[in-house]
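Note that the structure is predicted; figures quoted are calculated from it, not measured. Order of the sequence lines sets the chain letters (A, B, ...), proteins ahead of strands, with each chain counted from 1.
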Protein chains: 2
Amino acid sequence: MRTDLRIIKTKEALHTALLDLLNEKDLQMVSISELCRKAKINRGTFYLHYGQVEDVFGEYFKEITEDLTQSYQEPYRYVTVLKTSELNPSTIRIFHHIDKYQPFYRIVFSKKVPLTYYYLLFDKVKQLLLEDNQSLETEGVNLELFSAYQANAIIGMIIDWYQHDFSYSVSYLNQQLVTFLNLK
Amino acid sequence: MRTDLRIIKTKEALHTALLDLLNEKDLQMVSISELCRKAKINRGTFYLHYGQVEDVFGEYFKEITEDLTQSYQEPYRYVTVLKTSELNPSTIRIFHHIDKYQPFYRIVFSKKVPLTYYYLLFDKVKQLLLEDNQSLETEGVNLELFSAYQANAIIGMIIDWYQHDFSYSVSYLNQQLVTFLNLK
DNA sequence: ATTTTTATTGTACAGTTGTTCAATAAAAAT
DNA sequence: ATTTTTATTGAACAACTGTACAATAAAAAT
C-alpha cells in the first residue's frame, strides 16, 4: 500500500513553500499560518502531519543526510595532496557533503534551531563509522561509544568550520584531521 | 554601577518559577503567560528581559557551566582504578560535572531544545582544552580546530551516555576515554 | 530628603496557536 | 463504475504571542 497521493502533494507544497520563505527570513521567524498561506494548504491539514514548522525542515533535512550514505558508495575524488590511506573510507567524504549542502548546514548549526537536526547528522555519521569499526574487534572497547566519540569529534571540526563562516577548504580539513589522528 | 535590584528580583522570580514548572512538564510546554503567572511577574516585564522561555533556562544553565571552570581549580578525587596520567587535567572532571547536574543535562540534550545550550557547553569544554593544549606548540596544527575536535569527541561520549539514560558510571567513561586515546 | 531615572504594571489590539467537528473532495479498493 | 475509505477544508473557539503606551512604583543619584 503506497502513501496517499494527497499527502505527498501536501508535503511537497509545504517543503517548497518553506524553502521559499527561508530565503527571506530565519526558520524561527516562519509562522505556521504564514507557511500554510504560502503553500495554499489549510492550517488544519498542517497539524495532521506536523506539530511545528521545524518538523517540515527536519523532514527535508533527513533526505539530505541520506546523501551521506549514498555518496559513501561512490569513489571519492576530491582529495588532492594528502595520503588518504590514513582516513576511514567514510570520514573522508563528510566534509565534502557538508560543503555541498552548506546553505542547509548554516541552518542546522544555527543556535536557535532544535537539537533534532544535530542528532540526525550525528546518528548518520556514527552509523557509518560504526560499520567501519566493526573490523576492529578490540578488547574492552565499547564500539558504539567509540563511534559516538569519533563521529562527534569530526562534527566538532564542522562546528568550528561553521563558526568561521565555512572559510576553510575541504582538503584543509581532511589534512588537519589526518594530523590530529597522528598526534596521539 | 550595579544592576538594578528590581531586575535581579524579576529574574530570580522567573528562574525559580521555571524550575518549579520543569518538575511538571517539558520546557517546550511552558508558555510565557504560564511562567509569568507563576512568577507573579507582568508579561510585559518578561519581554523587557527575554524573548522566549528558553532564554530563561539558558541564563540559568550558563551559571551551571561555570562550575566546569570552578571545579577545574580543585583537586580531582573521583577516579579510582585507572591511570589518570593519560588524561588532561580538565577532561577528567567533565563526566563528573555532567553527572552532578544530570537533571539539567537531560534537558540540554533533549531533542526539541535549541542548540544554544549545546554551544554553551561546547565552548566551555573547548576553552578548557585549548588552555591545556597551549603547551603543544605543534607545527601545522590548527590549535582551535584541534580543541574543537577534542571537546566535541568527549561530548559525543556524553551524548551516547545520555542516549543510554546515563546508565554508565563516571569511572567507566574515564576508562573508555583512556582506551580510545591509546587506540591510535 | 528630594529629584531623576528606570523598571514594572495594566490595558489593549491584531495575529498566531492548537484543537474540534461537520461537510466536502479526492484517492483507493472492489 | 461504484462504493468505501481517507485527506482536506472551513469555521469557530479559547488561550497565547508580541508589541505599544500611559500610569505607577521603586531604585539610584543628587
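Distances were taken from every side-chain heavy atom of B/Arg37 (C-beta onward) to each of C/dT6, C/dT9, D/dC16; the shortest belongs to D/dC16. Closest approach to the B/Arg43 side chain among C/dT16, D/dA25, C/dA12 is made by C/dA12 (side chain taken as heavy atoms from C-beta onward). Here the side chain of A/Arg6 is nearest to one of C/dA25, D/dG18, C/dA28, namely C/dA25. Set against D/dC16, D/dT19, C/dA26, the side chain of B/Tyr47 has D/dT19 as its closest nucleotide.
If you take CD1 of B/Ile32 and P of C/dG15, they are 19 Å apart, rounded to a whole angstrom. To the nearest angstrom, P of D/dA27 lies 8 Å from CG of B/Asp4. C/dT20 atom C1' lies 18 Å from atom CZ of A/Phe46, rounded to whole Å. When rounded to the nearest whole Å, the span between NZ of B/Lys40 and C1' of D/dA25 equals 19 Å. As a whole-Å value, the separation of A/Leu5 CG from C/dA25 P is 19 Å. What separates CD1 of A/Ile7 from P of D/dT5 is a distance of 17 Å, to the nearest Å. Look at CE on B/Met29: it is 17 Å from P on D/dA15, rounded to the nearest Å. At whole-Å resolution of the value, CG in A/Leu35 and C1' in C/dT16 are 13 Å apart.
Residue-level contact check: B/Ser31 touches the backbone only, with heavy atoms under 4.0 Å from sugar-phosphate atoms and none from bases.
Neither side chain, B/Tyr105 nor B/Asp99, offers a donor N or O lying under 3.5 Å from an acceptor on the other. For the residue pair B/Tyr118 / B/Asn152, a side-chain donor-acceptor distance below 3.5 Å is found, with atom types taken as modelled.
In this model, the phosphate group of C/dT9 is approached by a side-chain N or O of B/Thr45 to a distance below 4.0 Å at OP1 or OP2. In this model, the phosphate group of D/dT8 is approached by a side-chain N or O of A/Thr10 to a distance below 4.0 Å at OP1 or OP2. Contact annotation: A/Ser33 does not reach the phosphate of C/dG15 (side-chain N/O to OP1 or OP2, under 4.0 Å). Using a 4.0 Å cut-off, some side-chain N or O of A/Asn42 falls inside it from OP1 or OP2 of D/dG10. At the phosphate of D/dA7, neither OP1 nor OP2 sits under 4.0 Å from any side-chain N or O atom of A/His49.
Considering only heavy atoms from C-beta on, B/Leu21 stays 4.5 Å or farther from B/Val53 through its side chain. Side-chain contact check for B/Ile7 versus B/Leu48: every heavy-atom pair is 4.5 Å or farther apart.
Pairing for C/dA23 is with D/dT8, a Watson-Crick or G-U wobble pair whose two hydrogen-bonding atom distances lie under 3.5 Å. For C/dT17, the paired base is D/dA14 (Watson-Crick or G-U wobble, both distances below 3.5 Å). Base pairing of D/dC21: its partner is C/dG10, meeting the Watson-Crick or G-U wobble criterion (both donor-acceptor distances under 3.5 Å). Here C/dT3 sits opposite D/dA28 as a Watson-Crick or G-U wobble pair (both hydrogen-bonding atom distances under 3.5 Å).
Ranked by how close their nearest DNA chain D nucleotide is to the 5' end, A/Ile41 and B/Val30 are led by A/Ile41. When each of A/Lys9 and B/Val53 is assigned the nucleotide of DNA chain D with its nearest heavy atom, A/Lys9 is the one assigned upstream, toward the 5' end.
More than 12 non-hydrogen atoms from other residues, nucleotides or ligands lie less than 6.0 angstrom from NZ of B/Lys11.
In this structure, B/Tyr162 and B/Phe166 have perpendicular ring planes: the angle between them is above 60°, well past the 30° mark.
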